[in-house]
Amino acid sequence: MASAPRVRFAPSPTGYLHIGGARTALFNYLYARRQGGAFILRIEDTDQERSTPESVKAILDGLEWLGIDWDEGPGKEGAHGPYFQTQRMDLYRKYTEQLIAEGKAYRCYCTREEIDARRSAVEKQTGKPGTYKYEGTCRNRTDVPEGRTSVVRFRMPDGEGRVTFDDKVLGPITKEYSDLDDWVMVRADGIPLYNFGCVIDDYTMGITLVGRGQEHVNSTFPQLMLYQALGWQPPDFAHFPLILGPDREKLSKRKHPEADVMLHKRNGILPEALLNFVVRLGWSHGNEEVISRQQMVEWFDFDHVGTTSGVWNPDKLMWLNQQWMKLLPAPVVAERLAPFLQARGVELPPGDPRLERVVLAFRERAKTLDEMAATALKYFQHGVEWEEKAATKHLTADSRPLLARVREEVAALPQWTAPTLDEVVKRVSEQAGVGMGKVAQPVRVATTGGTVSPGIGETLELLGREETLHRLDAALARP
RNA sequence: GUCCCCGUCGUCUAGAGGCCCAGGACGCUGGCCUUUCAAGCCGGUAACACGGGUUCGAAUCCCGUCGGGGACACCA
């Protein structure tokens, strides 16, 4: 390695940050960090119809949430900017003219309608799509027809030949010239198309390795032809396996809601977990499953990027999320939990100590922050409603004296802590000569309304003395 | 349809010719722990797509078949 590698993530701002894009960004980011190279963010906004500033923001926000930061790109101007393709038009124009002057590209005056008509004619005749190839109508044209706009086409070399490249994850891949045609580089309005802009930018930005999804392997060939025509040394290429939806088709915005990175944030998934999940889809490091960003950077390599597409597995995402809720420091999780409780109408004074206690009590009982907020909600409210079934079973004439005894002892407690509260339950059950469940369950139902909660001491501590006594009294007052 | 890529448990994967009658993880499931539910711990379930080669020996190499996905725009 002569110089430090430069890699990039080049999304087109036509919607939210896609999960596949996020993983592409992650792999490139990890590679750059691992190798001590640079990670560049370039916005491919040449599709004027679909690109929006909102989408640019959405993508930036998504990357930020995931903690994938770039060395050069929007907001971080470097030596190779600008980083929006629409601001690099001079560059494209320059190389377009050069290529035309050298006879390596030419103007094609066929209109879109004409091409479309010919395409559908061919496809109708042969049966299926994809059979049409530009027939070279304007290849050797020297006249300039009046009143017609033109696109610029790349001139494929005459005769037989093939393009080959050694993909860093897939290995050698070859394509015959005869399978390629004179593709359009520049539209009639002068704006470059993907295959053209991408090559010009990757080269002028000094990109040494292009890492992208496997859906791009076929576009590598025309791009390679361009590098050749320009006399440029192409970068290395690495194509990552696709992420598939439950239906085993490529994860798409249209069909798969889980393709939206930020949806997971809204659902209460931690960025650590999403990153962890996504990195394991197509990459592995022995038997490691729970992997921190630091470890990813330390371990990442293309040798262990797989070749087969991976199916989105929500169960595993959930499991990882819980792992991360348990792994991260409670105050950190508490901070991230707050918005979910607030969204459910809980008012939280700044630095509310209950938040951290909730995390400690519920992170082993919830898969997501949202679920945690939902189950913890009743600990923040005043009063309870009892589940009919639970009340019938546990708030009985038999349990009433036990409950009253607990109420009495607990009210007198000098210290309102889980251990001291647990002791009360234990003492009461021992004195009554019954199992702890005979006391704990009625108390649980009386104070939470249901049969499921954290340890009884923990539960009462969380509720606080005042609320606990209030609920116990209310339960005792039931007819 | 054409071209390109891929093919290990249901899913994510380990596996670079003998360490593999295939290991880990999620899921499912049995048990332990236990004041409930979880979590945790211990155990079980389940795969090298198929057929030919090559080799003393193949999940690993080659060929074919079948299967899956992707690309076939004046989108990226």
Side-chain angles (χ1 to χ4, degrees), chain A residues 10-14 44-47 49-51 108 110-112 115-116 119 123 126-133 149-153 167 170-171 173-176 178-181 183-189 191-195 197-198 212-221 239 241-242 244 246 248-250 277 280-290 303-304 306-320 322 326 362-366 375 390 394 422 425-426 429 435-445 448 450-457 459:
Chain A
S12 66
T14 55
E44 305 216 329
D45 56 351
T46 52
D47 184 338
E49 311 261 295
R50 299 192 302 150
S51 297
C108 168
C110 300
T111 63
R112 190 175 198 146
I115 296 288
D116 285 348
R119 193 195 327 272
E123 287 174 358
T126 56
K128 291 289 177 209
T131 31
Y132 175 76
K133 278 173 60 183
T149 56
S150 65
V151 300
V152 178
R153 285 186 185 271
D167 193 278
L170 260 18
I173 308 176
T174 303
K175 188 96 149 182
E176 298 289 329
S178 55
D179 289 325
L180 267 18
D181 72 348
W183 50 281
V184 178
M185 294 172 16
V186 184
R187 295 173 169 89
D189 61 8
I191 295 172
L193 255 7
Y194 170 67
N195 281 144
C198 178
R212 62 205 345 177
Q214 274 180 15
E215 72 267 29
H216 288 293
V217 334
N218 279 306
S219 63
T220 308
F221 303 106
H239 289 96
L242 266 16
L244 273 25
R248 286 168 179 280
E249 284 189 28
K250 188 175 77 157
F277 174 70
R280 284 286 291 104
L281 228 41
W283 175 79
S284 61
H285 183 75
N287 286 335
E288 300 292 338
E289 293 291 349
V290 181
D303 291 347
H304 292 86
T307 51
T308 60
S309 307
V311 176
W312 185 264
N313 180 185
D315 284 337
K316 188 144 183 186
L317 208 213
M318 293 299 156
W319 176 77
L320 277 169
Q322 184 169 41
K326 294 198 293 180
F362 288 100
R363 62 183 177 183
E364 288 175 353
R365 298 177 169 80
T375 54
H394 296 285
D422 274 327
V425 172
K426 193 176 173 195
S429 60
M436 265 179 65
K438 284 276 184 274
V439 178
Q441 277 308 79
V443 172
R444 193 182 319 272
V445 173
T448 70
T451 55
V452 174
S453 89
I456 196 65
T459 298

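Given the structure is predicted, the values throughout are model-derived calculations rather than measurements. A, B, ... follow the sequence lines: proteins, then strands. Residue 1 opens every chain.
Scanning both residues, A/Thr174 and A/Phe221, for their nearest heavy atoms gives C-CE2, 3.9 Å. When every heavy atom of A/Glu44 is checked against every heavy atom of A/Ser51, the shortest pair comes out as O-OG, 4.5 Å. Here the shortest heavy-atom pairing between A/Cys110 and A/Ile115 reads CB-CD1, 3.8 Å. Here the closest non-hydrogen pair linking A/Ala390 and A/Gly450 is CB-CA, 4.3 Å.
The residue A/Ile456 sits close to a base: some heavy atom pair falls under 4.0 Å. Note on A/Lys326: only backbone sugar-phosphate atoms sit closer than 4.0 angstrom, heavy atoms only; bases stay farther off.
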Legend entry - B/S/- contact track for nucleotides 16-29 of chain B, protein heavy atom under 4.0 Å: -------BBBSS--
Inset, instruction - Indicate for each nucleotide in nucleotides 65-76 of chain B, in 5' to 3' sequence, whether protein heavy atoms under 4.0 Å reach the base (B), only the sugar-phosphate (S), or nothing (-). - result: ----SBSBSBBB
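Base pairing analysis places B/U60 opposite nothing; no Watson-Crick or G-U wobble pair with both distances below 3.5 Å involves it. B/C3 is paired with B/G70 under the Watson-Crick or G-U wobble criterion, all donor-acceptor distances under 3.5 Å. The partner of B/C20 cannot be assigned: no Watson-Crick or G-U wobble pair with both contacts below 3.5 Å exists in any strand. For B/C37, there is no paired base (Watson-Crick or G-U wobble, both distances below 3.5 Å). With a cut-off of 3.5 Å on both Watson-Crick or G-U wobble distances, the partner of B/G10 is given as B/C26.
Only the C1' atoms considered, B/G30 is 22 Å distant from B/A47, to the nearest whole Å. Spacing between B/C6 and B/A46 at atom C1', rounded to whole Å, works out to 23 Å. Comparing the C1' positions of B/U11 and B/U36 gives an interatomic distance of 32 Å, to the nearest angstrom. A distance of about 14 Å separates the C1' atoms of B/U60 and B/C19, rounded to the whole Å. The gap from the C1' atom of B/U8 to that of B/G23 amounts to 11 Å, rounded to the nearest Å. Using atom C1' as the reference point in both B/G7 and B/C41, the two lie 36 Å apart (nearest Å). Taking atom P in both B/A25 and B/C33, the straight-line distance is 23 Å, to the nearest Å. Straight-line distance between the P atoms of B/C4 and B/C63: roughly 14 Å, to the nearest whole Å.
Every residue two or more places apart in sequence or in another chain that forms a salt bridge (charged side-chain N to carboxylate O under 4.0 Å, His left out) with A/Glu289 is listed here: A/Arg280, A/Lys316.
Side-chain atoms of A/Thr220 and A/Arg212 include a donor-acceptor pair closer than 3.5 Å.
What separates NE2 of A/His394 from P of B/C37 is a distance of 10 Å, to the nearest Å.
Nearest nucleotide to the side chain of A/Thr307, out of B/G7, B/U35, B/G40: B/G7. Side chain of A/Arg365, nearest nucleotide from B/C37, B/U13, B/G40: B/C37.
For A/Ala440 and A/Gly306, each mapped to the nucleotide of RNA chain B holding its nearest heavy atom, the one lying further toward the 5' end belongs to A/Gly306. For the pair A/Thr451 and A/Gly310, nearest-nucleotide mapping onto RNA chain B gives the more 5' position to A/Gly310.
Screening A/Thr375, A/Thr459, A/Val443, A/Ile456 for a side chain to side chain contact (heavy atoms under 4.5 Å, CB included) involving A/Thr448 leaves a single residue, A/Thr459.
Aromatic pair A/Phe277/A/Trp319: centroids not less than 6.0 angstrom apart.
Side-chain atoms of A/Arg187 come within 3.5 Å of backbone atoms of A/Pro192 as a donor-acceptor pair (strictly under, hydrogens ignored).
Remark: A/Lys133 NZ is packed, more than 12 non-hydrogen atoms of other residues, nucleotides or ligands lying under 6.0 Å away.
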